[in-house]
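Contents: one structure, followed by commentary.
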2 protein chains.
Amino acid sequence: MGDGCDMATLAEIARRAGVSSALVSRVINNDETLRVSQETRESVLRVVQEVNYAPNVAAQSLRSSKSGTIAFVVHDAANPVYGEILRGAQAEAERQNKAILLGDSAAGNVGNSRLAQMIRGGGVDGLILQAAGVQADNLIIKAAHKKVPVVQLQTDIGLGGSLVQLPDAPAAEIATRHLRELGHRTIGCLATVEGLTFTESRMKGWQHEMGADADPSLVAHAAPFAEEGEAVTRELLLRRPDISGLVCFNVVAAIGATRAAIALGLDVPRDLSIVSIHDVKFAEDLKVPLSVVRMPLAEMGQVAIKTVCIEARELPARIAIETSPEFVQRQSTAAPGR
Amino acid sequence: MGDGCDMATLAEIARRAGVSSALVSRVINNDETLRVSQETRESVLRVVQEVNYAPNVAAQSLRSSKSGTIAFVVHDAANPVYGEILRGAQAEAERQNKAILLGDSAAGNVGNSRLAQMIRGGGVDGLILQAAGVQADNLIIKAAHKKVPVVQLQTDIGLGGSLVQLPDAPAAEIATRHLRELGHRTIGCLATVEGLTFTESRMKGWQHEMGADADPSLVAHAAPFAEEGEAVTRELLLRRPDISGLVCFNVVAAIGATRAAIALGLDVPRDLSIVSIHDVKFAEDLKVPLSVVRMPLAEMGQVAIKTVCIEARELPARIAIETSPEFVQRQSTAAPGR
DNA sequence: GACAAGTGGTAAATCGCTTTACCAAACTTC
DNA sequence: GAAGTTTGGTAAAGCGATTTACCACTTGTC
């Protein structure tokens, strides 16, 4: 039994089996055009087993210009929402036999990182970007674009490549309609960062469902952090004390919104109903279990990987995830005044 | 201005600058032993700028036997606790100029994955393993061990390499002592999976603080999932209704424990005080805001990367994180019966 | 016995970068 | 003006896997 301690090479195996390294490679890779006797093939495979051979990935990668690696850059890996996307991506990557290089644009300067070097230097086969508001990195990514297929998630920051979109407008509509059906008329909108593609789509959904009641002063924008959601909601509620329902575009911000409401002495849902887009584990364990619209996040991760692995010249410009958002009723929403 | 569209090579640059590719390489890498005229150097660098040169990472990797990549395998990337570890790891990886390849042993079969191929084939410079209860993967990992430095987090599954440990016993002591000081005597222990290194260390902490009151029937084990924490706690509380305080080794299980208590009609903290190891964002937003002992998780991630990057022959067998756990009082603990 | 058609392989050129060893020409030095 | 020394580089050998082109030998065929 080999001990696997030696970094065996093709040449080493060839030597042990008494054949050429070309033959070994062709046997291992099941070259259809190869004509080889059964015994030679077996003796080669035996040696391969013995030395526990594993091909050198750098050599393969150099020769084939394929790294077997996908860069997945999110802007805050700690956000539970991204965890879900990543889960779907991981599973699909497994199927495509790719490994995932994780980048966190919040955790540091992606532009100068090793990851960027790899992207620029042919070290990844594709790039998936979840970049809600990245700035300086654009240059690097842009430069990379010609070399590597790029898939953007949720928002188009103008890099070309494909844009994968969730059913944003429908989700916002579902959330808003839920409150409307409960009897709410003055419904605030705690949106995500202004200008992002998905923010605008969700705004459209809210506006559509609000109809004539869609007053711009009911809208506020917050990045997906609880603290910011809290601060922004506080201002919104002070500005428009008549708001009886609130649609949040991000569940983390929604948690902040709940804090703000409670801090203002409001009862949720009696004084303020809150519904959010995106679910989170332990939503039911919250002080106020949030009613939410669940998005097909894992599917988005999966589609992103699948798309970036397409060998075709040009990727589709847009890919819409069609799976319907799922409304989950919990205890943060009720009829107004009750 | 170059368009960066062409995968420029050293040879291409050499041709354009009218020098040899060896010279270009040595200029780029600031070879101290190189003697070169100022103008030649400048003209080389000018061409490098022009074509927006980025070295081919596969070639570098092949030549140098360094990939600039660390594999980081967790057993459930969605667990918020690991998110924190990963955050520290990311930051340190940035400093070490390494990229992180993320593996999720829950998301699929790590053994057959592309990641495993890379580990075995010299495609990573190190392997960090957070493997609370992995089984089949051991073989692969073991095989990899001779080729690549391995760092295990929190628990030793016998792979050799380094083991990074949190202050487990102190954390459990702090949690238990907190309840003792509140006046609790019959304190349950919702431990993590039996046999894991950190589980045993924390058990020691609980036992030490409990002294003669450390009855084995007060102990139950649960994997870090809310559902399992709930089920196991339910049984424990039914078996020992006299328990007035509960120390949980994992915050996710603690959330489940809270569910179980509530389902049994108990009020937390009046009828049952719950304290957990590990903090989580939004702990204060929970129905019962959990009192916790915060662990230096980000530091552990950082230390893991730092350790795995050490060039020395042999890594230290054990590395203890010395930073003290921090107790955070919230509303899940109180004096018994009050 | 000459020619074609298999059979069972091998040699050698890449892929792009790094690094060691070496070298020609121009200066010193005595 | 012969022997060093410095200056400013270059040639070439890898790293390990893949792949194309080719080759020697054996069989069959008429």
Side-chain angles (χ1 to χ4, degrees), chain A residues 6-45 47-48 51-68 114 117-118 120-125 147, chain B residues 6-45 47-48 51-68 114 117-118 120-125 147:
Chain A
D6 39 18
M7 276 284 198
T9 68
L10 274 191
E12 169 70 8
I13 293 175
R15 199 182 56 68
R16 292 216 205 186
V19 296
S20 70
S21 64
L23 180 63
V24 179
S25 171
R26 298 178 68 186
V27 165
I28 290 175
N29 296 313
N30 276 313
D31 183 339
E32 297 289 348
T33 74
L34 173 64
R35 318 250 52 214
V36 69
S37 71
Q38 195 55 28
E39 40 177 354
T40 307
R41 176 191 299 275
E42 277 166 10
S43 81
V44 166
L45 290 176
V47 178
V48 166
V51 303
N52 190 19
Y53 173 70
N56 182 297
V57 297
Q60 284 183 321
S61 177
L62 175 58
R63 185 69 228 266
S64 67
S65 306
K66 285 277 161 236
S67 65
R114 173 72 191 158
Q117 292 171 19
M118 296 186 70
R120 291 165 31 99
V124 307
D125 295 341
K147 314 193 180 186
Chain B
D6 40 16
M7 275 284 196
T9 69
L10 273 191
E12 170 69 8
I13 292 175
R15 199 183 55 68
R16 292 216 204 187
V19 297
S20 70
S21 64
L23 179 64
V24 178
S25 172
R26 298 177 68 186
V27 165
I28 290 175
N29 297 313
N30 276 316
D31 182 339
E32 296 288 349
T33 74
L34 172 65
R35 321 247 52 217
V36 68
S37 72
Q38 195 57 26
E39 37 177 356
T40 306
R41 176 191 298 276
E42 277 166 9
S43 80
V44 166
L45 291 176
V47 177
V48 165
V51 302
N52 190 19
Y53 174 70
N56 182 298
V57 296
Q60 283 183 320
S61 177
L62 175 57
R63 185 68 227 266
S64 66
S65 306
K66 286 279 161 234
S67 66
R114 173 73 192 159
Q117 293 172 19
M118 296 187 71
R120 291 165 31 96
V124 307
D125 295 341
K147 315 194 180 186

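In what follows, every chain begins at residue 1, and chains take the letters A, B, ... in the order their sequences are listed. The structure displayed is predicted, hence computed values, not measured ones.
Counting to the nearest Å, the P atom of dG16(D) and the NZ atom of Lys66(B) are 14 Å from each other. Atom CG in Leu62(A) sits about 9 Å away from atom P in dC17(C), given to the nearest Å. Between Gln60(A) atom CD and dA17(D) atom C1' there is a gap of 7 Å when expressed in whole angstrom units. For the pair Glu12(B) CD and dG16(C) P, the computed distance is 11 Å after rounding to whole Å. Between the C1' atom of dG16(D) and the CZ atom of Arg120(B) lies a distance of 16 Å, rounded to the nearest Å. One can place CD of Glu32(A) at 13 Å from P of dT19(D), the figure rounded to the nearest angstrom. Put simply, CG on Leu10(A) is 12 Å from P on dT19(D), counting in whole angstrom units.
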Kindly indicate, with the supporting measurements, whether the criterion side chain to side chain contact (heavy atoms under 4.5 Å, CB included) is fulfilled by Tyr53(B) and Val47(B).
-> CA-CA 8 Å; Tyr53(B) 174 70; Val47(B) 177; over 6 Å; no

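Between Val57(A) and Asp31(A), the residue anchored closer to the 5' end of DNA chain D is Val57(A), taking for each the nucleotide with the nearest heavy atom.
Identified under the salt bridge (Lys or Arg N to Asp or Glu O under 4.0 Å) test for residues 19-31 of chain B, with sequence neighbours left out: Arg26(B)-Asp31(B). Within the structure, salt bridge (Lys or Arg N to Asp or Glu O under 4.0 Å) contacts touching residues 34-44 of chain B (residues at least two apart or in different chains) do not occur.
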Atom pairs, N/O to N/O, protein against nucleotides 6-12 of chain C, distance under 3.5 Å?
unit_1: dT7(C); atom_1: OP2; unit_2: Arg35(A); atom_2: NH1; d: 2.7
unit_1: dG9(C); atom_1: OP1; unit_2: Thr40(A); atom_2: OG1; d: 3.3
unit_1: dG9(C); atom_1: OP2; unit_2: Ser37(A); atom_2: N; d: 3.1
unit_1: dG9(C); atom_1: OP2; unit_2: Ser37(A); atom_2: OG; d: 2.7
unit_1: dG9(C); atom_1: OP2; unit_2: Thr40(A); atom_2: OG1; d: 2.7
unit_1: dT10(C); atom_1: OP1; unit_2: Ser20(A); atom_2: N; d: 3.3
unit_1: dT10(C); atom_1: OP2; unit_2: Ser20(A); atom_2: N; d: 3.1
unit_1: dT10(C); atom_1: OP2; unit_2: Ser20(A); atom_2: OG; d: 2.7
unit_1: dT10(C); atom_1: O4; unit_2: Arg26(A); atom_2: NH1; d: 2.9

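At least one side-chain nitrogen or oxygen of Tyr53(B) sits closer than 4.0 Å to the OP1 or OP2 atom of dC17(C).
Inter-residue side-chain proximity for Val24(A) and Arg16(A) is flagged as unmet; no heavy-atom pair is nearer than 4.5 Å. With a 4.5 Å cut-off on side-chain heavy atoms, Ile13(B) and Val48(B) count as touching. Between Thr9(B) and Asn56(B), every side-chain heavy-atom pair lies at or beyond the 4.5 Å cut-off.
As judged by a 4.0 angstrom heavy-atom cut-off over every strand, Ser25(A) is placed among the base-contacting residues.
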